[in-house]
Amino acid sequence: MRFLVTAGPTREPIDPVRYISNRSSGKMGYAIAEAALEAGHEVILISGPVKLDPPRDAKFVLISASDEMFDAVHRHADQSDVCILCAAVADYKPAKVSPAKIKKHAGNLSLELIPTRDILDSLGRRQNRQFLLVGFAAETNDVEQNAAQKLHAKNCDIMVANDARLGMESDENELIILFRNGEMRRISRASKKILARELVNFFLEFATKRLTKKMR
């Protein structure tokens with residue numbers, strides 16, 4: 001199968017030297033890409049800026065801002081069997097980017113922020129999509145409830161949820177996996193490499209069942 005995996009943060013520029021970003025390390029997405037490769041599948045990894053080496057056998061696309069991530073995902077989604085959107089894409093970006101460095105002044109500075117384009121939602125709204133769509137929900141409260149809402153709101157097949165305070169910038173995590181059919185599975189705290197192998201198995205199992213139903 002062909003896997004598309006997104007990973008890492010995005011950087012939304014304020015001026016030539018400053019940007020809005022988040023604490024995503026990209027470790028979960030990279031581990032999923034590696035696990036899919038180990039299982040014998042093709043992988044395209046679309047990554048924001050992280051301090052990790054991309055898997056050697058993956059097709060690698062490096063991006064910076066959310067608009068670049070949006071365009072790269074849409075270029076490759078229809079050639080993929082499984083789209084796993086693990087990246088921590090910024091929800092907002094500055095309405096205007098200053099062409100020169102903003103100088104420090106004595107007074108306050110306000111930035112107008114506007115929503116970024118929602119990549120997961122845009123894929124979920126595609127008519128007759130052929131790929132399995134997997135989203136990630138990093139929450140700080142009501143993890144299961146918020147993930148379930150996101151699963152249905154974004155029209156995903158699977159939503160993988162975690163407590164962001166546990167998983168962010170860490171080599172370990174614990175996960176809740178919610179499926180469109182109402183099924184739920186939990187994976188206890190483990191290294192992200194171990195979690196990635198289990199996730200790839202879940203995705204393949206679900207994708208196979210989905211394909212079997214279509215062939216009937």
Side-chain angles (χ1 to χ4, degrees), residues 1-10 22 24 26 28-33 35-36 41 43-48 66 69-91 115-164 167-168 173-187 192 195-214:
M1 287 193 177
R2 294 179 297 273
F3 281 69
L4 182 155
V5 183
T6 69
T10 61
N22 58 65
S24 173
M28 190 73 253
Y30 276 59
I32 291 171
H41 303 285
V43 173
I44 176 165
L45 175 60
I46 303 173
S47 175
S66 59
M69 176 78 80
F70 186 101
D71 292 340
V73 168
H74 278 266
R75 265 197 312 273
H76 297 284
D78 285 331
Q79 290 78 50
S80 305
D81 300 301
V82 183
C83 291
I84 305 168
L85 272 58
C86 189
V89 180
D91 293 322
T116 57
R117 290 186 288 176
D118 193 319
I119 303 173
L120 186 61
D121 185 67
S122 68
L123 293 184
R125 291 179 183 275
R126 281 199 180 185
Q127 298 295 319
N128 301 316
R129 71 170 187 257
Q130 300 301 308
F131 49 81
L132 183 76
L133 183 58
V134 181
F136 274 68
E139 305 290 345
T140 57
N141 61 283
D142 302 323
V143 175
E144 185 179 333
Q145 178 182 344
N146 287 332
Q149 290 176 350
K150 187 174 181 179
L151 171 72
H152 296 293
K154 308 295 184 182
N155 196 29
C156 294
D157 298 297
I158 300 173
M159 186 63 62
V160 181
N162 73 283
D163 188 321
M168 200 73 76
N173 210 343
E174 60 183 44
L175 303 173
I176 302 172
I177 303 120
L178 303 174
F179 298 83
R180 178 196 285 275
N181 61 8
E183 185 180 353
M184 181 183 72
R185 300 187 189 181
R186 296 179 183 271
I187 309 180
K192 289 182 177 177
L195 296 175
R197 294 189 191 106
E198 292 199 46
L199 286 174
V200 167
N201 287 335
F202 288 151
F203 301 157
L204 289 172
E205 178 186 337
F206 193 92
T208 302
K209 287 180 181 177
R210 190 167 173 263
L211 183 61
T212 302
K213 285 182 180 179
K214 286 185 177 182

Less than 4.5 Å apart, side chain to side chain, heavy atoms only: is that true for [X] and [Y]?
X	Y	value
L204	H41	yes
N155	R125	no
K192	I32	no

Between [X] and [Y], is there a donor-acceptor pair closer than 3.5 Å when you use the side chain of the first and the backbone of the second?
X	Y	result
R117	S66	no
N173	L195	no
T10	A90	yes
S80	F3	no
D81	R2	yes
D157	L133	yes

Could you grab the distance from atom [atom1] of [X] to atom [atom2] of [Y], nearest 0.5 Å is fine?
X	Y	atom1	atom2	result
I44	Q79	CD1	CD	8.5 Å
L132	I84	CG	CD1	8.0 Å
I177	L199	CD1	CG	5.0 Å
L85	D121	CG	CG	11.5 Å
I187	N162	CD1	CG	11.0 Å
R185	L178	CZ	CG	12.0 Å

**Asked** Can you check side-chain contact (heavy atoms from CB on, under 4.5 Å) on M159 and L120, steps first, answer last?
**Response** CA-CA 11 Å; M159 186 63 62; L120 186 61; 4.1 Å; yes
Taking all non-hydrogen atoms of both residues into account, name the closest pair between [X] and [Y] and its distance.
X	Y	result
P9	S24	CD-O, 3.6 Å
F206	N181	CE1-ND2, 4.3 Å
L4	A77	CD1-N, 3.8 Å
G29	C86	N-SG, 3.6 Å

**Request:** With side-chain contact (heavy atoms from CB on, under 4.5 Å) as the test, would you mind laying out the steps for F131 and R126 before giving the verdict?
**Result:** CA-CA 10 Å; F131 49 81; R126 281 199 180 185; 4.2 Å; yes
Would you list the atom pairs, donor with acceptor, under 3.5 Å between side chains in residues 144-153 and any protein atom, with sequence neighbours excluded?
from	atom 1	to	atom 2	distance (Å)
E144	OE1	R186	NH2	2.9
N146	ND2	N141	O	2.8
N146	ND2	D142	O	3.3
K150	NZ	F136	O	2.7

**Request:** Could you go through the side-chain contact (heavy atoms from CB on, under 4.5 Å) check for Q130 and D78 one step at a time?
**Result:** CA-CA 7 Å; Q130 300 301 308; D78 285 331; over 6 Å; no
**Prompt:** Quick one: which of V143, D163, V160 gives a side chain to side chain contact (heavy atoms under 4.5 Å, CB included) with L175?
**Reply:** V160
**side-chain contact (heavy atoms from CB on, under 4.5 Å) between I119 and T6, worked out** = CA-CA 11 Å; I119 303 173; T6 69; over 6 Å; no
